[in-house]
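Written below as structure tokens is the structure these notes are about.
Naming convention: chains lettered A, B, ... in sequence-line order (proteins, then strands); numbering from 1 in each chain.
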Amino acid sequence: MNDSAWISASWLARSSLAVAPDLIGCTLARQLASGPIYRGLIVETEAYMAGDPACHGYRKQTRRNAPMFGKAGHAYIYLIYGMYHCFNVVTDREGLASAVLIRAILPPTSLPPRPKDLKGKPERYGAGPGKLCRLFHIDRTLSGLPLQPRSGLWLEPRSPDFAQKLTQGGHQIIQTTRIGLSQGQDLPWRWYLNHCQAVSIARKSNQNMG
DNA sequence: CACCAGATCTCT
DNA sequence: GAGATCTGGTGT
């Protein structure tokens, strides 16, 4: 394959509110050290930004959240509940804490090694920010790396087929509120692809926004 | 040093 | 819907 198709930092250097819906239908790509490349379609995202009480960078910069304050197009990955990792795409301009959390992907038909850690149906192996990181072997050693093929972690734009289905109404992107927050629950900063198995079903119902 | 977390699984 | 899980980040 050629490397020319990956999403550039400049495309990501916009408000997370603009990037988050635009990433639906794009592809998360991961190349393991052993060589093989895996790809999953992004179907659920959330935006976090400066001034947002739910944003890790809301208070101040720390060693953990430093990538969020950095340049767009880098990874911000953190450990949550001591057991899971969450993968974010850094957005906007340097100095502003801003990122898009990738919450769900459609898993590839050929799965990476050790999928035994994952329970349930294969079509839901990417359903949840912690699960997709386990599936693609993403952990915080990758935090701060630029999203490009040589990092083993990158993004690819929507296929023409997906873009066409969006404009023709075959695909719909739903905007709703974010999940699992104690603050900022009312902000409609979550997007997902409608009728999609991998989206966090538990909270699909919170479309209580009209 | 103590508390708790942008989650998930396994029950009920 | 609730409890267990597990460890690093953050504030006292």
How many whole angstroms separate atom [atom1] of [X] from atom [atom2] of [N]?
X: A:R190; N: B:dG6; atom1: CZ; atom2: P; result: 16 Å
X: A:Y84; N: B:dA7; atom1: OH; atom2: P; result: 11 Å
X: A:I80; N: B:dC3; atom1: CD1; atom2: C1'; result: 14 Å
X: A:N65; N: B:dA5; atom1: CG; atom2: P; result: 17 Å
X: A:L181; N: B:dA7; atom1: CG; atom2: C1'; result: 12 Å
X: A:L101; N: B:dA7; atom1: CG; atom2: C1'; result: 11 Å
X: A:K121; N: B:dC9; atom1: NZ; atom2: P; result: 14 Å
X: A:I77; N: C:dT7; atom1: CD1; atom2: P; result: 19 Å

Identify whether a stacking contact exists between A:Y48 and B:dG6, where the ring centres must be under 5.5 Å apart and the planes under 30° apart. yes
Would the distance check show the side chain of [X] and the main-chain N or O of [Y] forming a donor-acceptor pair, the cut-off being under 3.5 Å?
X: A:R178; Y: A:A47; result: yes
X: A:S15; Y: A:L17; result: yes
X: A:N88; Y: A:A99; result: no

Taking only the side-chain nitrogens and oxygens of [X], find out if one of them lies under 4.0 Å from OP1 or OP2 of [N].
X: A:K131; N: B:dC9; value: yes
X: A:R103; N: B:dA7; value: yes
X: A:K119; N: B:dT10; value: yes

Quick check for you: among [options], whose closest atom lies nearest to any side-chain atom of [X]?
X: A:Y81; options: B:dA7, C:dG9, B:dG6; value: B:dA7
X: A:K60; options: B:dG6, C:dT10, C:dG11; value: C:dG11
X: A:L79; options: B:dG6, C:dG8, B:dA7; value: C:dG8
X: A:P129; options: B:dG6, C:dG11, B:dA7; value: B:dA7

Give me the distance, rounded to whole Å, that separates C:dC6 from B:dC1 when you measure between the P atoms they each carry. 23 Å
Please tell me if the side chains of [X] and [Y] come closer than 4.5 Å, counting only heavy atoms from C-beta onward.
X: A:P113; Y: A:L32; result: yes
X: A:L142; Y: A:S151; result: no
X: A:L147; Y: A:I7; result: no
X: A:L155; Y: A:L28; result: yes

Would you classify A:R140 as touching base, sugar-phosphate or nothing, given that sugar-phosphate means primed atoms plus P, OP1 and OP2, and contacts are heavy atoms under 4.0 Å? sugar-phosphate
How does DNA chain B look in dot-bracket notation if pairs are Watson-Crick or G-U with both distances under 3.5 Å, crossing ones as [ ], other-strand ones as |? |||||.|||||.
Any N or O donor-acceptor pair under 3.5 Å from the base of C:dG9 to the side chain of A:Y78? no
State the OH-OH distance between A:Y58 and A:Y48, to the nearest 0.5 angstrom. 14.5 Å
